[in-house]
Protein chains: 2
Amino acid sequence: MVATNFKHRGHDHPAPISSAVVDDIVAQLARQGYRDTEPRRLVISAVAAQGRPFTAEDLCAALPCVGRATVYRGLRLLVETDQVCRVLLEDRELRYQLSHQGHHHHMLCAICGASADLIDCDVEDILRAAADRSGFRMSGHWLEVYGRCGECAD
Amino acid sequence: MVATNFKHRGHDHPAPISSAVVDDIVAQLARQGYRDTEPRRLVISAVAAQGRPFTAEDLCAALPCVGRATVYRGLRLLVETDQVCRVLLEDRELRYQLSHQGHHHHMLCAICGASADLIDCDVEDILRAAADRSGFRMSGHWLEVYGRCGECAD
DNA sequence: ACGCATACCGATAGACAGTATCAATTAAGC
DNA sequence: GCTTAATTGATACTGTCTATCGGTATGCGT
Ligand SMILES: [Mn+2]
Ligand SMILES: [Mn+2]
Ligand SMILES: [Zn+2]
Ligand SMILES: [Zn+2]
């Protein structure tokens, strides 16, 4: 049986969630046919507010007023549209973070959890070449680098 | 409440699981103080029998006579002692496969599931250098390459 | 502004992978 | 053989994520 206990939304002209980042992402989504809804704006806003890689559960906790399924769906949509990228911790825990343009990789600090983009590093080409040598045609890859950031170095 | 329904083992001099690979791995474990048990040999034997990366559940299914927890524990032990390595599929499914000496990476065929070792490829050095440039001290990494093997190429 | 079609939402239940418990069992050493 | 600690396995449990599905709001055409 399915619940009929439903929360009424929008009764009280809620303050529209808005900021440069949020508006930008919402616009990107609109261009692809996705609607501009308040729960979705809340998710995006919370994503943008995170300082470092976060888990889906982090978001759920930060958005008690948004349904769990909605948070997960929103996150998935943002990943599919390349607005957010997924990072994998050493223990296989999955985290997310705002994507800063294009495909790239991250270094994750095992101490403080900070992440830094891996720049000046074209592993892709090297990997593709190595794959070729084995008769493989590379179509994708997953790469995470773990270590200590400057601040957490001993 | 905990079950007291316990299976009697060893009543009937079971044929000892033995083969070159199994004996070798069991010996390695013995050297590190781990006991030589039949369930453990069964796990190792099943691991060795797999032709390509397999899941923990695959093993459980292949070993209905071995407890679920035992399979997982055995697998973890083999990973910790570097006898087996873990590979990660694009959908984050975790698989295992016999390790062929030392640290290295794999290419995984998205079609047939085969894996090939990535050789002649020292990404490590490149990654470490790139990390340095960002003030990171690299301590580990996770790398998987996906594509199509020679046989599955169109 | 009004109405419609449908994308979207959220409470809930369920699927799934992996782990914690803990009494019973057994390998290894003396 | 006896002792002791490692190991096992049935089971319960945890945490993450997905499937359902009736109710709801958005975007668009009018
Ligand atoms: Mn990224
Ligand atoms: Mn390997
Ligand atoms: Zn740090
Ligand atoms: Zn293949």
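All figures in this text were calculated on a predicted structure; none of them were measured in a lab.
In terms of position along DNA chain C, the nucleotide closest to Arg73(B) lies nearer the 5' end than the nucleotide closest to the other residue of the pair Arg73(B) and Tyr34(B). Taking for each of Ala69(A) and Tyr72(B) the nucleotide of DNA chain C with the nearest heavy atom, the 5'-most of the two is the partner of Ala69(A).
The distance between the ring centers of His141(B) and His105(B) falls below 6.0 angstrom.
The distance between atom CG of Leu29(A) and atom C1' of dG27(D), rounded to the nearest whole Å, is 15 Å. Spacing between atom CD of Glu93(A) and atom P of dG18(C) amounts to 15 Å, rounded to whole angstrom units. Counting to the nearest Å, the C1' atom of dA11(C) and the CG atom of Leu63(A) are 17 Å from each other. Here the P atom of nucleotide dG27(D) and the CD atom of Glu38(A) are 13 Å apart, to the nearest Å. If you measure from atom CZ of Arg86(B) to atom P of dA17(C), you get 16 Å, rounded to the nearest angstrom. Counting to the nearest Å, the C1' atom of dT18(D) and the CG atom of Asp91(B) are 14 Å from each other. Rounded to whole angstrom, the span from the CG atom of Asp58(A) across to the P atom of dG15(D) amounts to 14 Å. Remark: P of dG15(D) and CZ of Arg95(A) are 15 Å apart, rounded to the nearest angstrom.
A donor-acceptor pair is defined here as one N or O able to donate and one able to accept, closer than 3.5 Å; such a pair exists between the side chain of Arg52(B) and the backbone of Cys112(B).
Contact check, Arg92(B) against dC17(D): a side-chain N or O comes under 4.0 Å of OP1 or OP2.
Within the nucleic acid shown, Arg40(A) comes within 4.0 Å of sugar-phosphate atoms alone, with no base atom in reach, counting heavy atoms only. Base engagement by Thr70(B) is indicated by at least one non-hydrogen atom pair under 4.0 Å involving a base atom.
Among Leu77(A), Val26(A), Val22(A), the one residue that satisfies the side-chain contact (heavy atoms from CB on, under 4.5 Å) test with Arg40(A) is Leu77(A).
Picking from dC9(C), dG9(D), dA17(C) the nucleotide with the shortest atom distance to the side chain of Pro39(B) gives dG9(D).
In the interface, the side chain of Arg68(B) is paired with the base of dG18(C) through a donor and an acceptor atom under 3.5 Å apart. For dA5(D), the base has a donor-acceptor partner in the side chain of Arg35(B) [N/O atoms by modelled type, under 3.5 angstrom].
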Residues Asp23(B), Arg41(B); criterion salt bridge (charged side-chain N to carboxylate O under 4.0 Å, His left out); working and verdict
CA-CA 8 Å; Asp23(B) 289 346; Arg41(B) 273 180 182 269; 2.9 Å; yes
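Between the OH atom in Tyr34(B) and the OG1 atom in Thr81(B) there is a gap of 7.5 Å [rounded to 0.5 Å].
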